[in-house]
Amino acid sequence: MTHVQSGPTATQILAWFGADVIKVERPGEGDPTRGQLRDKPGVDSLYFTMLNSNKRGITLNPKTEAGKKIFTRLIELCDVMVENYAPGAIDRMGFPWETIQKINPRMVYASVKGFGAGPFEDCKVYENVAQCTGGSASTTGEIDSVPLVTGSQIGDSGTGIHLVAGILAALLHREKSGRGQRVTCAMQDTVLNLCRVKLRDQQRLAHGPLKEYPQYPNGKFGDAVPRAGNASGGGHPGWIVKCKGWETDPDAYIYVIAQVQAFSTLAKVIGHADWLDDPNYNTPDARLPRLAHIFAEIEKWTMTLGKMEVMATLNPLNVPCGPILSMKELAEEPALRKTGTIVEVDHPTRGKYLTVGNPIKLSDSPSDVRRSPLLGEHTEEVMRTLVGLTDAEIQAARQQGAI
Ligand code: CAO
């Protein structure tokens with residue numbers, strides 16, 4: 001019972017792990033993402049196909065009489081029910097948790113909502129709302145500029161991944177107790193969990209300026225954690241610096257971490273062996289107020305080389321660094337194809353497309369990525385073989401608009 005991104009992310013992971021996931025969609029309409037951001041007319045969008053692989057798809061309206069009976073039967077038969085509709089939507093269909101539990105006490109019932117209990121619990125929430133209310137936007141962006149959302153879907157996909165952890169824990173618990181339970185994940189909570197280093201810094205702020213932030217030592221700190229540009233969130237200073245070609249290539253940059261252990265080799269390779277004997281540079285504390293200058297000097301060197309050349313030079317010296325890889329570069333990266341992290345899938349109506357495969361690798365249980373289902377593709381099959389309906393019952397349910 002999932003739509004859009006957060007719930008489908010969770011069930012897609014379960015499907016990759018081998019679960020028989022039956023995606024339930026509204027007859028005639030389906031998940032709204034089937035038609036959103038279409039690149040080709042009349043076929044399921046990439047938005048949908050990339051979030052619903054390895055699932056079977058049925059149409060079912062639990063608000064009809066026949067649909068209620070079928071839905072009840074599915075609750076009896078299934079191990080896990082996942083939903084991410086607006087708060088109260090499944091209850092309004094006549095299936096609050098108490099009823100689900102009565103129908104199947106072993107059921108694990110998992111939900112994504114925007115907020116947990118509190119003043120906003122009834123709100124509908126999308127990705128960027130979660131990023132803004134969970135602490136990410138406030139702490140992301142250039143200093144002295146507007147809050148920024150990130151392209152990484154930490155609210156939607158992030159919450160879906162958290163939900164999977166809850167579902168698997170509840171299934172393990174059920175193996176011991178015989179009882180299912182309710183699993184809930186709020187998108188605000190997930191974003192905050194992913195931003196926990198910023199709550200760490202909020203508390204550190206009470207004890208003085210945050211010395212690894214670019215505002216130190218000349219800028220001002222207010223009473224909340226500020227945006228920190230591309231400063232590292234950890235204990236080692238880092239920054240994004242330009243590489244050769246940056247004037248025309250928007251991704252000709254690399255992130256360099258000036259970690260203590262490798263600072264002397266880094267200084268030598270960029271032509272600053274002089275820093276090693278200079279008390280202004282030869283301890284981490286002395287470097288903190290000079291980080292902007294240090295990274296400007298590093299950049300003078302990186303601008304003479306391509307980003308992959310910088311990577312090839314610094315990695316053997318144990319200097320952690322990472323080139324800014326564009327989506328085009330990632331899509332074409334042979335190593336990611338080899339590990340199944342990027343997979344090409346064939347689809348009967350849209351043809352071949354790329355998707356992200358299972359990033360969680362199990363040694364005995366590799367994931368095979370299979371295409372997403374067409375709307376209602378498996379309705380008859382599931383009604384007949386799982387729910388146990390006769391042809392006449394299937395026909396009647398269809399006439400009622402239940403399937
Ligand atoms: N048959 C018949 N009706 C169905 C159905 C089915 N199989 N599946 C869903 N519906 C109905 C719901 O019952 C609901 O009807 P009511 O409002 O009458 O109860 C209706 O579809 C619309 O559901 P919605 O309110 O959830 O949809 P929306 O587009 O207005 O809101 C969203 C979308 C995402 C904002 C909202 O679902 C939400 O806040 N979800 C929880 C947070 C979340 O997951 N957000 C992430 C979104 S991106 O991953």
Side-chain angles (χ1 to χ4, degrees), residues 1-13 22-37 45 47-48 50-52 55-75 78 81-96 99-100 109-118 120-134 136 149 151-164 166 183-191 373 375-376 378-379 382-383 387 397-398 400-403:
M1 295 296 286
T2 69
H3 67 161
V4 202
Q5 189 178 160
S6 64
T9 298
T11 51
Q12 181 168 256
I13 292 173
I22 301 164
K23 183 174 175 92
V24 178
E25 293 173 87
R26 203 202 296 237
E29 295 177 31
D31 187 326
T33 60
R34 283 186 186 268
Q36 280 174 11
L37 309 175
S45 70
Y47 198 1
F48 178 85
M50 292 177 73
L51 282 160
N52 289 288
K55 304 176 188 179
R56 292 201 281 174
I58 66 169
T59 50
L60 174 68
N61 184 345
K63 293 175 182 171
T64 60
E65 209 183 305
K68 265 194 192 10
K69 282 194 190 131
I70 296 168
F71 197 53
T72 303
R73 185 75 189 122
L74 283 173
I75 293 173
C78 292
M81 173 168 158
V82 186
E83 67 88 19
N84 71 307
Y85 283 103
I90 303 291
D91 299 17
R92 286 194 291 278
M93 286 178 181
F95 294 91
T99 304
I100 293 169
Y109 177 37
S111 295
V112 171
K113 296 289 165 264
F115 295 95
F120 305 125
E121 64 189 345
D122 291 329
C123 296
K124 292 186 176 184
V125 169
Y126 284 105
E127 173 67 47
N128 289 345
V129 175
Q131 288 194 25
C132 291
T133 55
S136 178
V149 294
S152 159
Q153 305 285 284
I154 55 178
D156 279 344
S157 284
T159 307
I161 296 162
H162 279 69
L163 197 73
V164 170
V183 180
T184 52
C185 269
M187 294 165 73
Q188 181 187 41
D189 299 6
T190 293
V191 172
L375 181 61
H378 304 99
T379 305
V382 168
M383 293 306 141
V387 180
R398 235 186 237 302
Q400 260 193 42
I403 57 174

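Each ligand, and each atom within it, is numbered from 1 in the order the structure gives.
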Determine, considering heavy atoms only, which of Val129, Thr33, Val125, Ile403 sits nearest to atom 47 (C) of ligand 1. Val125
Criterion side chain to side chain contact (heavy atoms under 4.5 Å, CB included) on Phe95 and Thr72, from CA distance to verdict: CA-CA 9 Å; Phe95 294 91; Thr72 303; 3.6 Å; yes
Using a 4.0 Å cutoff against the non-hydrogen atoms of Pro62, which atoms of ligand 1 qualify? 1 (N), 6 (C), 7 (N)
Test applied, side chain to side chain contact (heavy atoms under 4.5 Å, CB included); reference residue, Val112; option that passes from Val82, Thr9, Asn84: Asn84
With backbone taken as N, CA, C and O and side chain as the heavy atoms from C-beta onward, which portion of Glu25 lies under 4.0 Å from ligand 1: side chain, backbone, both, or neither? backbone
Of the backbone atoms (N, CA, C, O) and the side-chain heavy atoms from C-beta on, which set of Leu60 has a member under 4.0 Å from an atom of ligand 1: side chain, backbone, both, or neither? backbone
To the nearest 0.1 Å, how far is atom 30 (O) of ligand 1 from its closest protein heavy atom, and which atom is that? Lys124 NZ, 2.5 Å
Considering the heavy atoms of His3, write down every atom of ligand 1 situated less than 4.0 Å from one of them. 26 (O), 27 (O), 33 (C), 34 (C), 37 (O)
Using a 4.0 Å heavy-atom cut-off, say whether Arg26 meets ligand 1 through its side chain, its backbone, both or neither. both
Contact atoms of ligand 1, heavy-atom distance to Val112 under 4.0 Å: 41 (C), 44 (O)
For Gly67 and ligand 1, answer yes if some heavy atom of the residue is under 4.0 Å from a ligand atom, otherwise no. no
Tell me every residue that passes side-chain hydrogen bond (donor to acceptor under 3.5 Å, both in side chains) with Arg56, counting only those two or more places apart in sequence or in another chain. Asp20, Glu381
Please report which non-hydrogen protein atom sits nearest to atom 4 (C) of ligand 1, along with the residue it belongs to and the distance in Å to one decimal place. Met93 CE, 3.6 Å
Show me the donor-acceptor pairs within less than 3.5 Å that the side chains of residues 62-71 make with the rest of the protein, sequence neighbours left out.
from	atom 1	to	atom 2	distance (Å)
Thr64	OG1	Asn61	O	2.9
Thr64	OG1	Gly67	N	3.0
Lys68	NZ	Pro62	O	3.1
Lys68	NZ	Met93	O	3.0

Can you see whether Ser111 engages Glu83 through a side-chain donor-acceptor pair at a distance of less than 3.5 angstrom? yes
Is there a donor-acceptor pair closer than 3.5 Å between any side-chain N or O of Thr11 and the backbone N or O of Pro8? yes
Is there a donor-acceptor contact under 3.5 Å linking the side chains of Glu127 and Gln5? no
Mind listing the closest non-hydrogen atom pair of Ala186 and Gly116 along with its distance? CB-N, 3.4 Å
Side chain of Glu121, backbone of Phe115: donor and acceptor closer than 3.5 Å? no
Looking only at non-hydrogen atoms, the one of Asn84, Asp31, Val4 nearest atom 40 (N) of ligand 1 is Asn84
Protein residue, atom and distance nearest to atom 26 (O) of ligand 1, heavy-atom basis: Ala86 N, 2.7 Å
Closest to atom 33 (C) of ligand 1 among Tyr85, Tyr126, Phe115 (heavy-atom distance): Tyr126
Whether Ser45 side chain and Phe48 backbone form a donor-acceptor pair below 3.5 Å: yes
Quick test of your reading of the model: are Glu25 and Arg34 salt-bridged, counting only N-O distances below 4.0 Å? yes
Nearest non-hydrogen protein atom to atom 46 (C) of ligand 1, with distance, is Asp156 OD1, 3.3 Å
Where ligand 1 meets Lys63 - atom numbers and elements under 4.0 angstrom, heavy-atom basis: 3 (N), 11 (C), 12 (C), 13 (O), 15 (O), 16 (P), 18 (O)
Which heavy atom of the protein is the closest neighbour of atom 49 (O) of ligand 1, given with residue, atom name and distance? Ser6 N, 2.6 Å
Which residue owns the protein heavy atom closest to atom 17 (O) of ligand 1, what's the atom, and how far is it? Arg92 NH2, 3.6 Å
